[in-house]
Amino acid sequence: MKLLALASIGLLTACATAGMPAQPSDAPDPSADAPMQRDSGSEPPVDAAADGPIIEPDAPPPAAAALLLSEVVVQPAGAELIEIFNPGNSPVDLSHYYLADHGNYFRVPSNTATVDSSDFIVKFPPNATIPAHGVITVSIDTAALFNTAYGLQPTYSIKGGTMISIVANGAASLTNQGELVALFYWDGTSDLVRDVDLMLVGKPTAANGLVDKSGYGLDGPDAGNTPSTYAPDARTLLAQAAEVTAGVSTKRVSLETGNEVQNGSGNGLTGDDETTENTVMSWDTSYTAPTPGVVPAALLP
């Protein structure tokens, strides 16, 4: 159950290395895509028999690049945030990147993704970018409440309308006890999305966790009518040992290399299996005050 208690976390000073693009945080994007329709039925089974779906190549274009979730605040409501870090040496176009707090995100290409109450699937607007070795912040609530909590403006705001709503079910918020946060990529034409980074924040319930997409077949808007099939998800990603309480955040402390399966067999951008990351090693285990807009020194080259 989502709790909407609002409290001030206090003022923090943003680091100059944040590199956040100058965009109005609460101005609706007139070019935003129309929200996708949600289905009301159950997920169709995938028949692995003789007439089962055939795997088609759905490699993202060269513009796609690996990004990392770097900080998450789940409460109080006005201070909820998701921060994203670009570990690369070049800026990245975000116009085909999405954020979700529900495991059904992978069904977006077939227009059948559904979410629970207060959950969301949103897309970055056209021309959105993240600088090399920089971070961006996404406020779940309005930019005004984010500014009250932290003393700075977010790069984007879901309730402020600067993220494009794809699927929604009521007002967006993060579950206080914890839940899945998914950063993913879809080029808009392929059958399948690509995982970019996944994190089980705090102590989510089963309903707020990963959904197994192993072998799930989708026929998206590509020219063919043959479904493509997701590779197996190992799903060894573990939730954190404790809830992330009000006034603190959970932060990434190391890169993914050496902390997840990266052998080309997964559903990630370059074949990584984002469901295998050992977050006990790559994320903190003792939560501290939020630092939105500050690039963690441990993540810099």
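This is a predicted model, so every value here is computed, not measured. In what follows, every heavy atom counts, from backbone to side chain, and hydrogens, waters and symmetry copies are set aside.
- When the side-chain contact (heavy atoms from CB on, under 4.5 Å) test is applied to Thr270, the partners found at least two apart in sequence or on another chain are Asp272.
- Ala172 approaches Lys159 most closely through the heavy-atom pair O-CE, 3.1 Å.
- Proximity of a side-chain donor or acceptor of Asn176 to a complementary backbone N or O of Gln75 within less than 3.5 Å is not detected.
- No donor-acceptor contact under 3.5 angstrom links the side chains of Tyr105 and Asp119, judged on distance only.
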**Request:** Might you work through the side-chain contact (heavy atoms from CB on, under 4.5 Å) test for Leu99 and Val138, ending with a clear yes or no?
**Result:** CA-CA 9 Å; Leu99 276 174; Val138 178; 3.9 Å; yes

**Request:** I would like to know whether Ser190 and Asp187 meet side chain to side chain donor-acceptor pair (under 3.5 Å); could you show each step before the answer?
**Result:** CA-CA 6 Å; Ser190 302; Asp187 60 14; 2.7 Å; yes

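- What you find for Ile82 and Leu69 is that their closest heavy atoms are CG2-CD2, 3.8 Å.
- For Ser265, the side-chain contact (heavy atoms from CB on, under 4.5 Å) partners at least two apart in sequence or on another chain are Asn263.
- No donor-acceptor distance shorter than 3.5 angstrom exists from the side chain of Ser139 to the backbone of Leu81, with no hydrogens or angles considered.
- Asn86 contributes no side-chain N or O that, together with a main-chain N or O of Gly134, makes up a donor-acceptor pair within less than 3.5 Å.
- Rounded to the nearest 0.5 Å, atoms CG (Asn278) and OG1 (Thr236) are 8.0 Å apart.
- To the nearest 0.5 Å, atoms CD (Glu260) and OG1 (Thr276) are separated by 5.0 Å.
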**Request:** Using the ring pair (Phe, Tyr, Trp, His ring centres under 6.0 Å) rule, take Tyr216 and Tyr230 through it: C-alpha gap first, then chi angles, then the decisive distance, then the call.
**Result:** CA-CA 5 Å; Tyr216 192 89; Tyr230 283 104; 7.1 Å; no

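- For the pair Val135 and Ile130, the minimum side-chain heavy-atom distance is 4.5 Å or more.
- With contacts defined as side-chain heavy-atom distances shorter than 4.5 Å, the pair Tyr98/Trp186 qualifies.
- A donor-acceptor pair under 3.5 Å links the side-chain atoms of Glu80 to the main chain of Leu174, judged by distance alone.
- Taking each heavy atom of Ala132 and Ser90 in turn, the nearest pair found is CB-N, 3.5 Å.
- Hydrophobic clustering (ILVMFWY, side-chain heavy atoms < 4.5 Å, transitive): Val211 and Ile121 are in one cluster.
- The two atoms that bring Met281 and Ser254 nearest to each other are O-OG, 3.5 Å, heavy atoms only.
- In this structure, the separation between NZ on Lys203 and CG on Asn208 is 14.0 Å, given to the nearest 0.5 Å.
- To the nearest 0.5 Å, atom OG1 of residue Thr189 and atom CG of residue Asp191 are 9.0 Å apart.
- Judged as a side-chain contact (heavy atoms from CB on, under 4.5 Å), and not counting sequence neighbours, the contacts of Gln240 are Met199, Val201, Val244, Thr250, Trp283, Asp284, Tyr287.
- Within the 4.5 Å cutoff, the side chain of Val122 has no heavy atoms near those of the Ile164 side chain.
- Residues satisfying the side-chain hydrogen bond (donor to acceptor under 3.5 Å, both in side chains) test with Ser70, not counting sequence neighbours, are Glu83.
- The structure places CD of Glu179 at 9.5 Å from CG of Asp116, a figure rounded to the nearest 0.5 Å.
- Residues Thr275 and Arg235 bring no donor and acceptor atom of their side chains to less than 3.5 Å of each other.
- Clustering ILVMFWY residues whenever any of their side-chain heavy atoms sit less than 4.5 angstrom apart, transitively, puts Leu255 in the very cluster that holds Val295.
- A heavy-atom distance below 4.5 Å is found between the side chains of Leu237 and Thr279.
- Residues Val261 and Leu269 do not share a hydrophobic cluster, clusters being chains of Ile/Leu/Val/Met/Phe/Trp/Tyr side chains in contact below 4.5 Å.
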**Message:** Applying side chain to side chain donor-acceptor pair (under 3.5 Å) to Glu277 and Ser282, what does each step give before you reach the verdict?
**Reply:** CA-CA 8 Å; Glu277 184 175 356; Ser282 56; 2.6 Å; yes

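- Side-chain atoms of Asn104 and Thr114 include a donor-acceptor pair closer than 3.5 Å.
- Between the side chains of Asn89 and His133, a donor-acceptor pair is found at a separation under 3.5 Å.
- Taking the ring-ring contact (aromatic ring centres under 6.0 Å, His included) definition, one finds that Phe124 meets it with Tyr156, sequence neighbours left out.
- Val181 and Val248 fall within the same hydrophobic cluster, where Ile, Leu, Val, Met, Phe, Trp and Tyr residues are linked whenever their side-chain heavy atoms come under 4.5 Å apart, directly or through other members.
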**Trace of the side-chain contact (heavy atoms from CB on, under 4.5 Å) decision for Asp233 with Asn267** = CA-CA 8 Å; Asp233 280 336; Asn267 292 300; 2.9 Å; yes

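- Taken from OG in Ser165 to NZ in Lys123, the straight-line distance is 12.5 Å, to the nearest 0.5 Å.
- Residues that satisfy the salt bridge (charged side-chain N to carboxylate O under 4.0 Å, His left out) test with Asp197, not counting sequence neighbours, are Arg252.
- Between the side chain of Lys251 and the backbone N or O of Ala289 there is at least one donor-acceptor pair closer than 3.5 Å.
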